[in-house]
Amino acid sequence: MTSSLRPPGPPGRPGRRAAALLGAGAMLLTGGCTVANSGTSAGADTVQIVLPEEPPTLEPCDASLTATGRVTRSNITEPLTERVPETGELEPKLATEWAQTSPTTWRFTLREDAVFHDGTAFDAEDAAFSVDRTVNSDIGCNVDGYVFGDSEIVATAVDAATLEVTTPEPDPILPLRISFVEMVPTTTDANAKVREPIGTGPYRVDTWNQGINLRLARFDDYWGEAPEYPAALYTWRAEGSIRAAMVTSGEADIAVGLAPADGAGDTAVEYPNSETSYLRIGADEPPLDDIRVRRAINYAIDREGLVASVFAGLGQPAGQVVPEGVTGHNPDIDAWPYDMERARSLIDEARADGVPVGNTVTIIGRNGIYPKAAEAMEVVQNGLLEAGLDVEIQMLDVNAWMEYLLRPFPEDIGPTLLQAQHGNQAGDAAFTMEQVYGSEGAQSSYGTPELDEMIHRAQLASGAERDTAFAGALAYQNDEVVRDAVLAHMTGIISLSPNVTYEPNSASGDEMHLAAIHRAE
């Protein structure tokens, strides 16, 4: 996270900045009306959370995707290890300890008191299966590309309580990578993704009324401390003002993904999250295959104005997707300056050399990716039009947008800019560089052999050498590749009912642990 972002206030209290911005908006929520299909009949024993969108799936191997992970991770399913956002340290989850036994081998000791929601005991066979299904299968797990970079690893059950994992090359951060693999039983389909998984988490899937709500019930045989709420009910509303209204009117306990203008009033809590918003440039299609055009796009975006207007000051203009505090962050990379004269000059220069700058560039946006997502893309569009490009916007819901995010990408789509957001709550640039910038990265539309080699060398390094190597790769990307236009490091706002306490952290945008939500005293 960036040091300029303010820490959250106490649970249930708004950050000072958020309260000042949001107080007036609460005046809009008059009349005492209720919101249809909000799940108000859930009862006092159920914590009610309203999301910007329905999860496309609860598939554990896609839990690195925000819409899935904030429901699935450590609620329904659990990993072997888990990173503490506040400290960056790994703590035991389904593994009690781990050690590197050779340069390419790690051994994990598993807890013996965990059971799955179907009543079967969790053991090393399940762990090995889960790793293999996530990393080595053909079902297209997002975690595979995001965390492992399509590297083949071997997981072996030594005995019921011991898992051994070997990698093709030394991997100093394997236990951190393993924290993204959610454990499932061997009975899980190995050849296709599942919509409703079986896990070892404190909650199990109870009912999913598609398009209406999703209910999780507390798992009575959970190995750890029982969470306070017997059930959790998720609903979803695309409009931030409606989500905020559901909390202020008592129809929900928590609303996520809010903007300052949504009217959450005194229920608003501002917190620094790990997300960085950016545009992925489809650099293999003309005119975006010309680096002058990609540089012009960066010069034509007024990031200061975007943060000040659309994001209402809740964020910081950014020049790289790896924020401060993450291994590999490069402190020498600043946000691109707003220079429309330079942008126009570069477009004119490319045009004079025969580059088809008149080709229509499509911004592929995603509704609900962050507050005022469409308005942000309109600001970008206006800047690019002024620079001399022909740009249109196509806003999509999450399922359609995902087709453009992950390989294989749709064919014959022409030059595109993909509205995207990257969270690096894991704390290491390895979880960014290969999947986002590698030539074959799961979310990458373009790369170079030189950058691939720099990323590979950084992944093998450790300590200060690792930090320096990733920072160098980021600098090379920024100067010589220019595959994206980074916009801002984001600040999150959630709304908390007076009935609950919850302290958000840098990971809360990607995962919200229900066990951390408590009744207010």
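One-based numbering along the sequence shown.
- Under the 6.0 Å distance and 45° angle rule, Arg483 does not count as a cation-pi partner of Tyr476.
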- [ ] Check step by step if salt bridge (charged side-chain N to carboxylate O under 4.0 Å, His left out) holds for Arg366 and Asp397.
- [x] CA-CA 6 Å; Arg366 173 184 152 192; Asp397 290 330; over 6 Å; no
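- A donor-acceptor pair is defined here as one N or O able to donate and one able to accept, closer than 3.5 Å; no such pair exists between the side chain of Thr166 and the backbone of Thr105.
- Between Phe311 and Met490 the shortest side-chain heavy-atom distance falls below 4.5 Å.
- Residues Arg177 and Ile153 fail the side-chain proximity criterion, which asks for heavy atoms closer than 4.5 Å.
- Leu258 approaches Ala244 most closely through the heavy-atom pair CD2-N, 4.1 Å.
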- [ ] Check the pair Ile139 / Arg133 against side chain to side chain contact (heavy atoms under 4.5 Å, CB included), numbers first and verdict last.
- [x] CA-CA 8 Å; Ile139 62 177; Arg133 179 179 184 270; 3.9 Å; yes
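- Between Val184 and Ser130 there is a side-chain heavy-atom pair separated by less than 4.5 Å.
- A salt bridge is defined here as a Lys NZ or Arg NE, NH1 or NH2 lying under 4.0 Å from an Asp or Glu carboxylate O, and Glu89 with Arg83 fails to meet this definition.
- Looking only at distances, a side-chain donor or acceptor of Asp189 sits under 3.5 Å from a matching main-chain atom of Ala192.
- Ser439 and Asp452 are linked by a side-chain donor-acceptor pair at a separation below 3.5 angstrom, with hydrogens and angles left out of the test.
- Nearest heavy-atom pair, Ala300 versus Leu384, reported as atom, atom and distance to 0.1 Å: CB-CD2, 3.9 Å.
- A 4.5 Å side-chain heavy-atom check between Leu174 and Thr167 finds at least one atom pair inside the cut-off.
- Summarising the local packing, CD of Glu341 is surrounded by 12 or fewer heavy atoms from other residues, nucleotides or ligands at distances under 6.0 Å.
- In this structure, the side chain of Asp353 does not engage the main chain of Val355 through any donor-acceptor pair within 3.5 Å.
- Partners of Arg344 according to the side chain to side chain donor-acceptor pair (under 3.5 Å) rule, which considers only residues two or more places apart in sequence or in another chain, are Glu386.
- Note that the CD atom of Glu480 and the CE atom of Met454 stand 10.0 Å from one another [nearest 0.5 Å].
- Looking at Glu54 and Trp208, their side chains do bring a donor and an acceptor atom within 3.5 Å of each other.
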- [ ] Under the side chain to side chain contact (heavy atoms under 4.5 Å, CB included) rule, what do Ile369 and Gln419 come out as? Steps first, then yes or no, please.
- [x] CA-CA 8 Å; Ile369 190 171; Gln419 181 183 28; 3.8 Å; yes
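- In summary, the aromatic rings of Phe431 and Phe180 are positioned with their centroids under 6.0 Å apart.
- Atom CG of Asn382 has more than 12 neighbouring heavy atoms from other residues, nucleotides or ligands inside a 6.0 Å radius.
- With hydrogens and angles left out, the side-chain atoms of Ser74 and Glu82 include a donor and acceptor closer than 3.5 Å.
- The nearest pair of heavy atoms linking Ala473 to Met433 is CB-CE, 3.9 Å.
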Open item on the list: Go through it in stages, so that I can follow the logic: the residues are Leu417 and Thr362, the test is side chain to side chain contact (heavy atoms under 4.5 Å, CB included), and I'd like the CA-CA distance, side-chain angles, deciding distance and then a yes or no.
Closed with: CA-CA 6 Å; Leu417 303 175; Thr362 303; over 6 Å; no
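- Salt-bridge annotation for Glu59 and Lys193: absent, with no side-chain N of the basic residue lying under 4.0 Å from a carboxylate O of the acidic one.
- No donor-acceptor pair closer than 3.5 Å links the side chain of Asn478 to the backbone N or O of Leu474.
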TODO: Step by step, work out the side-chain hydrogen bond (donor to acceptor under 3.5 Å, both in side chains) result for Tyr271 and Ser506.
DONE: CA-CA 7 Å; Tyr271 67 99; Ser506 61; over 6 Å; no
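- Contact record, Pro172 with Trp106: O-CZ2, 3.9 Å, taken as the closest heavy-atom pair.
- Residue pairs meeting the ring-ring contact (aromatic ring centres under 6.0 Å, His included) criterion with at least one partner in residues 69-91, sequence neighbours excluded, do not occur; the list is empty.
- Judged purely by distance below 3.5 Å, without hydrogens or angles, the side chains of Thr276 and His422 never pair a donor atom with an acceptor atom.
- At least one side-chain heavy atom of Thr81 sits under 4.5 Å from a side-chain heavy atom of Trp98.
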TODO: Kindly determine whether Met402 and Leu405 satisfy side chain to side chain contact (heavy atoms under 4.5 Å, CB included), including the steps that lead there.
DONE: CA-CA 5 Å; Met402 288 266 301; Leu405 176 68; 4.2 Å; yes
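- We find that Arg457 and Glu453 are joined by a salt bridge, their nearest charged nitrogen and carboxylate oxygen being less than 4.0 Å apart.
- For the atom pair CZ of Arg237 and CD1 of Ile242, the computed distance is 7.5 Å after rounding to the nearest 0.5 Å.
- The line from CD1 of Ile364 to OG1 of Thr416 is 6.0 Å long, rounded to the nearest 0.5 Å.
- The shortest heavy-atom contact between Ile493 and Ala268 is CG2-CB, 4.1 Å.
- A distance of 5.5 Å separates OG1 in Thr327 from CG in Asp467, rounded to the nearest 0.5 Å.
- In this structure, the ring of Tyr437 has its center no less than 6.0 angstrom from the ring center of Tyr446.
- Scanning both residues, Ala420 and Trp401, for their nearest heavy atoms gives CA-CZ2, 4.2 Å.
- The closest side-chain heavy-atom distance from Trp236 to Pro55 is below 4.5 Å.
- There is no side-chain donor-acceptor pair under 3.5 Å between Thr360 and Glu392.
- A heavy-atom distance below 4.5 Å is not found between the side chains of Asn330 and Val322.
- With hydrogens and angles disregarded, no donor-acceptor distance shorter than 3.5 Å links the side chain of Arg73 to the backbone of Met512.
- The environment of CD in Glu304 is sparse: at most 12 heavy-atom neighbours from other residues, nucleotides or ligands sit within 6.0 Å.
- Under the 3.5 Å distance criterion, the side-chain polar atoms of Thr77 are left unmatched by any main-chain donor or acceptor of Glu182.
- Remark: Ser64 pairs with Asn142 by the side chain to side chain donor-acceptor pair (under 3.5 Å) rule, at least two apart or across chains.
- Considering only heavy atoms from C-beta on, Gln459 stays 4.5 Å or farther from Ile173 through its side chain.
- Taking the six-membered ring where tryptophan is involved, the planes of Tyr299 and Trp336 are perpendicular, since the angle between them exceeds 60° and thus also 30°.
- Of the possible donor and acceptor atoms, one in the side chain of Arg407 sits under 3.5 Å from a partner among the backbone N and O of Ser444.
- Asp138 CG: 12 or fewer foreign heavy atoms inside a 6.0 Å radius.
- With hydrogens and angles ignored, the 3.5 Å screen pairs a side-chain donor or acceptor of Arg294 with a backbone N or O of Val481.
- Checking side-chain atoms of Gln435 against main-chain N and O of Gly441 turns up no donor-acceptor pair under 3.5 Å.
- No side-chain donor-acceptor contact under 3.5 Å links Thr134 to the backbone of Val131.
- Judged by the 6.0 Å and 45° rule, Arg303 forms no cation-pi pair with Tyr338.
- The environment of Gln100 atom CD is dense: over 12 non-hydrogen atoms of other residues, nucleotides or ligands sit within 6.0 angstrom.
- Residues Thr66 and Asp510 have side chains that bring a donor and an acceptor to within less than 3.5 angstrom of each other.
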